[in-house]
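What follows is one structure encoded as structure tokens, with my remarks underneath.
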Amino acid sequence: MLNTVRTSAVRRATYSLCQSRLNSTVSTAPGGDTRLETIRRVLFEPTRRENVIALEGEMLEQHETIERAWKLHRMRLREQRERSLELQFRAMNAAMNELEKTSDKLFKGALVKSRHITYPKQAKIPTETPSTHG
Amino acid sequence: MLSNLTRRSVQIARCASRVNVNFAINTSPHVTRQASTNAYEEALKLIQLDKKERLNMLSRVEKEIARVAGSSTPVQLKALDALKFDLQVKAELNEPEVQKNFKLGKIDMSKPVYRYMCQKQFEKAPKTKLMERLTQMSVIPDVLAPDMNPTVEVSIKVAEGQVEPGVFLKPEQSIELPQIEITNFHTESRLYTLMMVDPDSPDVTNKTYQQHCHWLVSNVSLSATSPSVSGGDSILEYIPPHPQKGTKYHRYTLIAFEQPNEGQEKLDIKVESRDHFDVKSLAKAYNLKPTGATFFREEWNENVSKIYNEIIKQEEPIYGRPPKVQRYIQRTVYY
């Protein structure tokens, strides 16, 4: 009995609180945004985006030429790198073929043991002074 | 020359040009021009350098082709020719003049660049639409094989304008044979066979539809520089499309076949009649390869009667549904 009285009282209290909050929404003063206005703005206002520049005529041609030249430049760099890599691979391939014919032990030693180990552990970083051990 | 063309400098130049355009339109135009022209000039220099290198390579390839002309296999020759074509195209493709000409429509099909660009454009835009329409309107399974891949563009022009594949035309618009232009991409002239077929011609005896051939010409020589259709041996004269009254719309398909042996063989096609036509068996018999197709649709209107009276000189058939047979209820008196 008491519980129900308390819950109904609580409900009435929150209801009146909401009413007072709603009534207190003042139309936008230059100083502040009231909470409801803010919520409405966040939900419904369309985002202001910068207009995409639409080029025309001579500027468009220049833009397209520049784009093409940039892509061409990157393609040339890429192909240069790929060619040098291919030459390196061919040289290595030819050398390994010769080694296979020459010496079996050396050939096995030259083969890659593990594909996960790609850097030598013994490699030393450059230091400012020579080593104390010699 | 290439060293100052780093990514950052190009970005700065282009950003600067954009910012300048936005708020410096009333200030000196000299400032606006500077930043973008630097990048543009560098771009032009790179394009020219690349072109020079490719032309050098091209001259070497041409010498190689001349040297190996007799002694190498056709596969090797084909590979060398493909390489030569590729170099010729790529040398000119990046030039701003070529791009501008293509956009304006000043296309010279004798140059490999324009042929390449036309082909790329065809593959992208009109071909996909054509294939969509052909499949949607069931022209592909009915008249053409499902694995057909159009390599040339067949464009029909009526007095009113260009005919898109699948549009409805009026019978009076197609009384005269329309202007046909076949955009192809080979410099040498090849022989083509063209035909117009109606797959929806009614066949009363079999209570089904049959293919009816409206037009058949063969040995039409076409090339990239001469794409318009003229001449050739006419095997069946052009009869204008006449969709009969009572039938639904008819699809009039125009097919371009390339004659065997890369269009070099001259053919002598013999056809018994226009009715009960079979495109697939004819193509198989003479070893024709369907390389291009298009179609339009027509429905009956009063001008079809005129076509029947004047041009075909036959009585116009009117089709309708057969009378419904009352099987279970047989009334002698209707009330």
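Below, read A as the first sequence line, B as the second, and so on, with proteins coming before strands; counting in each chain starts at 1. This structure is a prediction, so every number in the text was calculated from the model and none was measured.
Counted within 6.0 Å of CD on A:Glu56, heavy atoms from surrounding residues, nucleotides or ligands total 12 or fewer; the atom is thus considered open. Around atom CZ of B:Phe168, more than 12 heavy atoms belonging to other residues, nucleotides or ligands sit under 6.0 Å away. In this structure, B:Glu95 places its CD atom where more than 12 heavy-atom neighbours from other residues, nucleotides or ligands lie under 6.0 Å away. Summarising the local packing, NZ of A:Lys124 is surrounded by 12 or fewer heavy atoms from other residues, nucleotides or ligands at distances under 6.0 Å.
Counting heavy atoms from C-beta on, the side chains of B:Leu49 and A:Arg76 come closer than 4.5 Å. Contact check for A:Arg68 versus B:Leu93: side-chain heavy atoms found under the 4.5 Å cut-off. With contacts defined as side-chain heavy-atom distances shorter than 4.5 Å, the pair B:Gln99/A:Glu61 does not qualify.
Contact record, A:Thr65 with B:Ala43: O-CB, 4.0 Å, taken as the closest heavy-atom pair.
Taking the salt bridge (Lys or Arg N to Asp or Glu O under 4.0 Å) definition, one finds that B:Glu92 meets it with B:Lys51, sequence neighbours left out.
Here the straight-line distance linking atom CG of B:Leu46 with atom CD1 of A:Ile66 works out to 12.0 Å at 0.5 Å rounding.
In this structure, A:Glu64 pairs ionically with B:Lys103, as a charged nitrogen and a carboxylate oxygen lie closer than 4.0 Å.
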